[in-house]
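Here is the structure we will look at, set down as structure tokens.
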Amino acid sequence: MSDASVKSQGRKPEEKPRNEASKVQPSGEKKKLSKQEKREMRLAKQKEQKAQGGQSQGSSNQEKVTEGTQKSKADLKAERRAKQEADRAAKLALKGETPCPTQSSSGGQTKPRSGSESIVKKDHRLRVSDDMKVDDPSVQKRRAKKLEKQQVPQRIDSEKKVNLFNHLDQFERRIPLTKKLSFSSRLIHPAIVVLGLQYAEGYICGANARCIAMLHAFKNVIEDYTTPQHKELSRDLDNKLKPNISFLNQCRPKSVSMGNAIKYVKMQISNIPQDKTDAEAKKILCESIDSYIKKKIYLADDAISNILIANGKIKNDDVIMIYGFSSLIVRILCDAHEKKIRFRVIVVDSRPKTEGKEAVKRLIKKGVKCSYVLLNSVFYMMPEITKVFLGAHALLANGYIMSRVGTSLIAMVAKSQNVPVLVCCETYKFSERAQTDSFVTNELGDPDDLVIRHNSNNYLHDWRSIKNLTVLNLVYDVFPPELVSMVVTELGMIPCTSVPVVLRVKNVEG
């Protein structure tokens, strides 16, 4: 052997890079690569590919790969939630609103939360109807624009308003509504114009009478309707009813019963099949309106009368007090008299409408013994009363009762004397609105109704010229359920607190 070969055997072989050693292996030796070496080879290949493509960020990519493998689902979910909250905060900032407490000021990123805390709180703001924001200039402008578009004349406000009720409409009958109504207007049906004037002049009063008259007028509108070409009846007829409803609301604010009836009619219109002809669709709508009147009003009144009499709520020698005129209460008393029950009725009345006179006429005509007194003598008459029957304009969701002004006084006096108070009301008068007083929303009548015209010594004849005098004519009272013993409906005798349950069942039934 030569010296060169000896030297080469004595020297240590040069160490080659691992990637090269892994590539070139002696044919006799098959060395297995470890997982770490395979991973390094894969990373080296990625580096070479990125270097060839003009990218020299191999180390940062390696860090991203390792970070991506280490992130959990919770971290990714938290990142998505933070991004959503940041976008929501940006949208609220554009609208000029303050972000929710769950969002931070530094970009909207928050810590991940679990359970119910992870739900982002929405911006809950109270929505107030435009009918209760009449003193808002923006609301006035919006209402005027809407009425102008519908070609509905707008009533002129009262000259002297009561400051406490500036948020409500205050009208006077001496300012005619139809003065600005154009005869060329085709949006308002003539039957609706006649009905609106009867509302404004007070010829049609009472929740049931107003609702029935409105539904019959709607039948006339539907019968005279013709669907234009390239339009659907379910959509176009709904748009045709809107100006008619606005006109009625300008004549007199609609009652709760009217509002529920309007919802029913609109729902029936929207459910009309598209394959029906105009004649078939109008027949279906008129039949549904007749069915609503029959079931919700007439049959409901029959059921309430039968429930009261069958349960012995009207007995012999009873002295029953009623207030004003309620078609349901008068019908109950007439039915009881026809069944040979001996009782006496005391009718309490008050100005300005003195509706109790009509109740006395109808009861005397049927042979019922009656006495007629005014509201200021209720406390004197209450000791001989055995029961108090009251009608209702509406039953509210919180159990409060809305009825004609003066009803709360009778209920309070009866409660102080331990006299049971029974409120008779159909379920179609139940309202989802909650109210605890008569100031937030109410109807204001014509102040001239409180001025006695036929008296020669009328000191309020020219009351508008008196600087510090305003006349308030409230139409409705709102009193709490604690003053009521029971509410009688077509479903049975229920407490006032059961109103939400009845509303829930009616919504489920559709």
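The analysis underlying the following values was restricted to heavy atoms, covering all of them including side chains, and did not include hydrogens, waters or symmetry mates. Since this is a predicted model, take the numbers as computed values, not measurements.
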For [X], look at atom [atom1] and say whether over 12 heavy atoms of other residues, nucleotides or ligands are found less than 6.0 Å away.
| X | atom1 | result |
| --- | --- | --- |
| Lys146 | NZ | no |
| Lys415 | NZ | no |
| Glu201 | CD | yes |
| Arg235 | CZ | no |

Judged by modelled atom types alone, do [X] and [Y] share a side-chain donor-acceptor pair under 3.5 Å?
| X | Y | answer |
| --- | --- | --- |
| Asn220 | His189 | no |
| Ser305 | Asp335 | yes |
| Asn249 | Ser246 | no |
| Asn208 | Tyr428 | yes |
| Asp278 | Thr227 | yes |

Output yes when a side-chain donor or acceptor of [X] lies under 3.5 Å from a complementary backbone atom of [Y], and no otherwise.
| X | Y | answer |
| --- | --- | --- |
| Lys160 | Ile466 | yes |
| Asn442 | Ser438 | yes |
| Ser291 | Ser288 | no |
| Gln250 | Arg155 | yes |
| Gln170 | Val162 | yes |
| Tyr372 | Val348 | no |
| Thr354 | Arg351 | no |
| Asp318 | Thr386 | no |
| Ser377 | Tyr380 | no |
| Ser255 | Met258 | yes |

Within 45° cone and under 6.0 Å: Arg404 NZ/CZ vs Tyr476 ring: no

Under 4.5 Å between any side-chain heavy atoms of [X] and [Y], yes or no?
| X | Y | answer |
| --- | --- | --- |
| Phe325 | Asp349 | no |
| Phe389 | Ile314 | yes |
| Glu443 | Arg252 | yes |
| Asp477 | Ser403 | no |
| Ile245 | Phe218 | yes |
| Leu363 | Leu333 | yes |
| Asn398 | Thr497 | no |
| Val405 | Val475 | no |

Take Asn244 and Leu248, measure what side-chain contact (heavy atoms from CB on, under 4.5 Å) needs, and give me the verdict at the end. CA-CA 6 Å; Asn244 294 279; Leu248 293 178; 5.9 Å; no

Side chain to side chain donor-acceptor pair (under 3.5 Å) between Asp462 and Ser465, worked out: CA-CA 6 Å; Asp462 195 16; Ser465 62; 3.1 Å; yes

Can [X] and [Y] be counted as an ion pair, charged N to O under 4.0 angstrom?
| X | Y | value |
| --- | --- | --- |
| Asp136 | Arg143 | no |
| Asp236 | Lys240 | yes |
| Lys219 | Asp290 | yes |

With rounding to the nearest 0.5 angstrom, report the [atom1] to [atom2] distance, [X] to [Y].
| X | Y | atom1 | atom2 | result |
| --- | --- | --- | --- | --- |
| Tyr292 | Cys211 | OH | SG | 5.5 Å |
| Ile309 | Ile341 | CD1 | CD1 | 5.5 Å |
| His393 | Met402 | NE2 | CE | 5.5 Å |
| Leu390 | Cys424 | CG | SG | 8.5 Å |
| Lys282 | Glu223 | NZ | CD | 8.0 Å |
| Leu503 | Lys506 | CG | NZ | 6.5 Å |

From CA spacing to verdict: side-chain contact (heavy atoms from CB on, under 4.5 Å), Ile346, Val373: CA-CA 7 Å; Ile346 295 179; Val373 298; 3.9 Å; yes

With side-chain contact (heavy atoms from CB on, under 4.5 Å) as the test, would you mind laying out the steps for Leu444 and Leu474 before giving the verdict? CA-CA 5 Å; Leu444 303 183; Leu474 281 177; 3.4 Å; yes

Nearest non-hydrogen partners of [X] and [Y], listed with the distance:
| X | Y | answer |
| --- | --- | --- |
| Cys496 | Gly399 | CB-O, 3.3 Å |
| Asp437 | Gln435 | O-NE2, 2.6 Å |
| Pro480 | Ile401 | O-CD1, 4.4 Å |
| Ala392 | Lys429 | O-NZ, 3.3 Å |
| Leu396 | Arg433 | CB-O, 3.3 Å |
| Met493 | Lys313 | SD-CE, 3.6 Å |

Flag the pair Phe439 / Phe165 as yes when their ring centroid distance falls below 6.0 Å, and as no otherwise. yes

After noting the C-alpha distance and the side-chain angles of His216 and Ile293, does the key distance pass the side-chain contact (heavy atoms from CB on, under 4.5 Å) rule? CA-CA 9 Å; His216 284 304; Ile293 296 173; 4.1 Å; yes

Run the numbers on Glu490 and Lys295 for salt bridge (charged side-chain N to carboxylate O under 4.0 Å, His left out), then give the verdict. CA-CA 10 Å; Glu490 66 267 28; Lys295 292 180 180 179; over 6 Å; no

